[in-house]
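Working notes, structure below.
Per chain, numbering begins at 1; letters A, B, ... match sequence-line order.
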There are 4 protein chains.
Amino acid sequence: MGKLELNKMRKKSALYNTAFELFTTKGLAKTTISDIVENAGVAKGTFYLYFKDKYDIRNKLISHKAGELFSQARDALEQAHVTGFTAQLHFLVDNILDRLETESDLLGFISKNLSWGVFKDAFQEQADEDDFPFFQEYLNLLDQSDVQYDSPELLLFTIIELVSSTSYSCILHSQPVCLAEYRPYLHKTIDCILQAFAHTDESGLSAANMNVISDKHFDQN
Amino acid sequence: MGKLELNKMRKKSALYNTAFELFTTKGLAKTTISDIVENAGVAKGTFYLYFKDKYDIRNKLISHKAGELFSQARDALEQAHVTGFTAQLHFLVDNILDRLETESDLLGFISKNLSWGVFKDAFQEQADEDDFPFFQEYLNLLDQSDVQYDSPELLLFTIIELVSSTSYSCILHSQPVCLAEYRPYLHKTIDCILQAFAHTDESGLSAANMNVISDKHFDQN
Amino acid sequence: MGKLELNKMRKKSALYNTAFELFTTKGLAKTTISDIVENAGVAKGTFYLYFKDKYDIRNKLISHKAGELFSQARDALEQAHVTGFTAQLHFLVDNILDRLETESDLLGFISKNLSWGVFKDAFQEQADEDDFPFFQEYLNLLDQSDVQYDSPELLLFTIIELVSSTSYSCILHSQPVCLAEYRPYLHKTIDCILQAFAHTDESGLSAANMNVISDKHFDQN
Amino acid sequence: MGKLELNKMRKKSALYNTAFELFTTKGLAKTTISDIVENAGVAKGTFYLYFKDKYDIRNKLISHKAGELFSQARDALEQAHVTGFTAQLHFLVDNILDRLETESDLLGFISKNLSWGVFKDAFQEQADEDDFPFFQEYLNLLDQSDVQYDSPELLLFTIIELVSSTSYSCILHSQPVCLAEYRPYLHKTIDCILQAFAHTDESGLSAANMNVISDKHFDQN
DNA sequence: CATGAATGAGACTTCATTCAT
DNA sequence: AATGAATGAAGTCTCATTCAT
């Protein structure tokens, strides 16, 4: 990489770091492009060389940070030699929760954006840059399990939405309780969700039947 | 109510309605106070007579709309003569989902704000204006159930976060699937969550034991 | 005075008192009519029943307060049985300085407005309401003096401007020194001014000659 | 100086000139920033690039104009070869009075602000920009005098307050008389003030004694 | 590539004044 | 006489974006 090329990266990097710092401390709305360039030590015009606007840099930051979150959890899992899909899943959840609890500003930032859309973007980014098929890895873990699951994608979706949504409230506002208090319930709930999505031929709990089941709850609509 | 008093309410109402209309169509960020007063047909100063700023009217709208959502679902439940706590809960969820699916702009507005914090505010509002203790009613439903539940508040919290978070993604972005497709899974998941929170003396599933259970998932931390 | 009449006066009085309170604490520019009526406990419209605008009530307040200042000093002089014009003048100055030093907010308010224009207004007001010819009284004091003075009006003007201007700086900003330190110099200066205006036939210090004197200070203009 | 630098100065200058023009004609309160930028031919934002607000540019203007006033008077004095402290002082006063009489709008602007505080600021500014110790120069003039003066600073303070205060009234309102008529009295008064501050060992007119003198004017306090 | 002075549209907010009650 | 809700003109200030250097 040439000296010029290096300098280019340094400026872009400075903008990323500064923007993240400001977004997490002052919030998106109260952070101006002037703030960012001033703190990053680059000129106003330089910002527009790399980003379209404030929202552009934010989106790129969210994807990056969310991807990082998952990728670090995955690395930790590898080191931990946990066996069994269920245990692995709980490990990943706890690892991410620990990180979010420590860096609550990070949680506030990706906050309620840690949803399916961003999750997929994060996957995407991993795939692009590191050629790392994140979702595929999840499927691999699943394959090694004894249990078969209906709709693995919807299973993951359900868990991610539940975890992100509840942890946001518990960590940032301690509402209705703090994370420490809620965590056991969360794990228990995840266990139940796994059961709900577990494939069982004889039980009539398959997706096809579920409509019938849920429909019969009501005598009118 | 005097003529003056009436006119006052009319202005305030116009502001509320117009603000909601604009927030749901243009979004909060792109809606200006000038927009609101212009469309509401009142003077700019009048806005500041009733609201501190844009965020003030938004918060009041969210509480109001969320409260309305629950209160209408409750009314429908009363009319429907559904028996059994589980069936009642599913009915309420479906009623709200139907409404949100129809009025997806409403969902986009209260969106991810339909969280515990707002939920409590909505309760509050109901309590204030109609002397209707919403949460109490939920506890009443629960009492009539044969099954006993641990931590009713955390149970409700878990369900509300799950429903609001997943329905947002499914309804507004059809991600990962549309609501029609996800709905049976959601109901099934709720059933499982109910089981998870069900109090059973002999089974060792009580909250006290859950820590042990969730802890054993990992061989290190 | 009727009950109605009384109520009228009470409101007007409340407006005066509140306005003075606010002008001296917040300053004229930062005091709004809303502030005044709110603190006075009357309606907005009522203000306009009695005053044209903020400046109207301010001017009336200044005249009133300045008049009060002089009239109280005069009363104190009467009680004090001071004899001799020079001593009487010094007494008046000291009395006013004492009062201004105590009520420095009053000084800040009438501040640099305690000039000839306002002074005359204050005289005017006294003349109107109490039929008390203030300036006449000054002339009377002067008449009783052994010494004759040229241009009594200009003498008074010079002294008032000097006293008000220097005391403002000394009392409010202790610049260049505090009043206690400056006061002896002020009295000494007043003594000299009296000499300067003293009429003396033989000395060539008459007004007519003064031009000559002051002209010769320069060899060009 | 680069083209860019030059253009920058031109804009700032235009703002200064326009602001002064408007402040002196319309007054501070009635001059808006919109007025200023419009007349200066620059954009609104440009104003805020150089000044915090209206009061910022006013303060900078006052200091600058007051400094200019003194510095030009000093230059004229140098050219005039006037000898003797008293004559020099009268020359300076007359020079400034002439200028203020001609540019009465300038007087109205720095008006009653030509007080000790601003005077010192003006000194400061001179010292900063031209390395010209204005007050020191005054002391130098004083040193060359035969007569010794007590508290040279208080002497200057007294004279400046007197001159600025009275000339304001005479020039702007011709109250109680026009400047032409008052000027001889003013010079005479200045002469007397000089006497009052003149140091005389034998006479008991020293500062220490003055308290006694001024105290004896009253038989009570 | 990088800069940063300049822009100017437009957001927000205040507040003197009116007028129907 | 008294009220106070409503007004809307007028002001302040911000900030994303451009472009000549």
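- Computed from coordinates, the C/Glu38 CD to F/dG4 C1' distance equals 12 Å when rounded to whole Å.
- In this structure, C/Ile57 atom CD1 and E/dA16 atom P are separated by 12 Å, rounded to whole Å.
- Ring centroid separation for the pair B/His64 and B/Phe20 does not come in under the 6.0 Å cut-off.
- Rounding to whole angstrom units, CZ of residue B/Phe47 and C1' of E/dC15 are separated by 17 Å.
- Residue A/Leu49 contributes atom CG, which lies 13 Å from atom P of E/dG4 at whole-angstrom precision.
- If A/Val42 and D/Val42 are placed on DNA chain E by their nearest nucleotide, the residue sitting closer to the 5' end is A/Val42.
- If you check every strand for non-hydrogen atoms under 4.0 Å, C/Tyr48 touches a base.
- Residue contacts shown for B/Lys44 include a base, since a base heavy atom lies under 4.0 Å away.
- Taking atom CE of D/Met9 as the reference point, atom P of E/dA6 lies 11 Å away to the nearest angstrom.
- D/Tyr168 OH to D/Ile110 CD1: the interatomic distance, rounded to the nearest 0.5 Å, is 11.5 Å.
- One can place NZ of D/Lys52 at 12 Å from P of F/dT12, the figure rounded to the nearest angstrom.
- At a non-hydrogen distance threshold of 4.0 Å, nothing from residues 17-33 of chain D comes into contact with DNA chain E.
- For the residue pair B/Lys54 and B/Ile33, the shortest heavy atom distance occurs at N-CD1, 4.1 Å.
- Along DNA chain F, the nucleotide nearest to D/Ser34 and the one nearest to B/Ala43 differ in position, and the one closer to the 5' end is contacted by B/Ala43.
- At the phosphate of F/dA6, neither OP1 nor OP2 sits under 4.0 Å from any side-chain N or O atom of B/Thr46.
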Practice prompt. Could you summarise the pairing of DNA chain E as dot-bracket text, marking Watson-Crick and G-U pairs under 3.5 Å with ( ) or [ ] inside the strand and | across strands?
Written response: .||||||||||||||||||||
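- Nearer the 5' end of DNA chain E, as judged by each residue's closest nucleotide, is the contact made by A/Lys11, out of A/Lys11 and B/Lys54.
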Taking only nitrogen or oxygen atoms into account, show me every contact under 3.5 Å that the protein makes with nucleotides 19-21 of chain E, one pair per line with its distance.
from   : atom 1 : to     : atom 2 : distance (Å)
E/dT21 : OP1    : B/Lys3 : NZ     : 3.3

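- B/Tyr50 has its OH atom 13 Å from the P atom of F/dG4, to the nearest Å.
- Of all heavy-atom pairs between D/Ile57 and D/Leu15, the closest is CD1-O, 3.8 Å.
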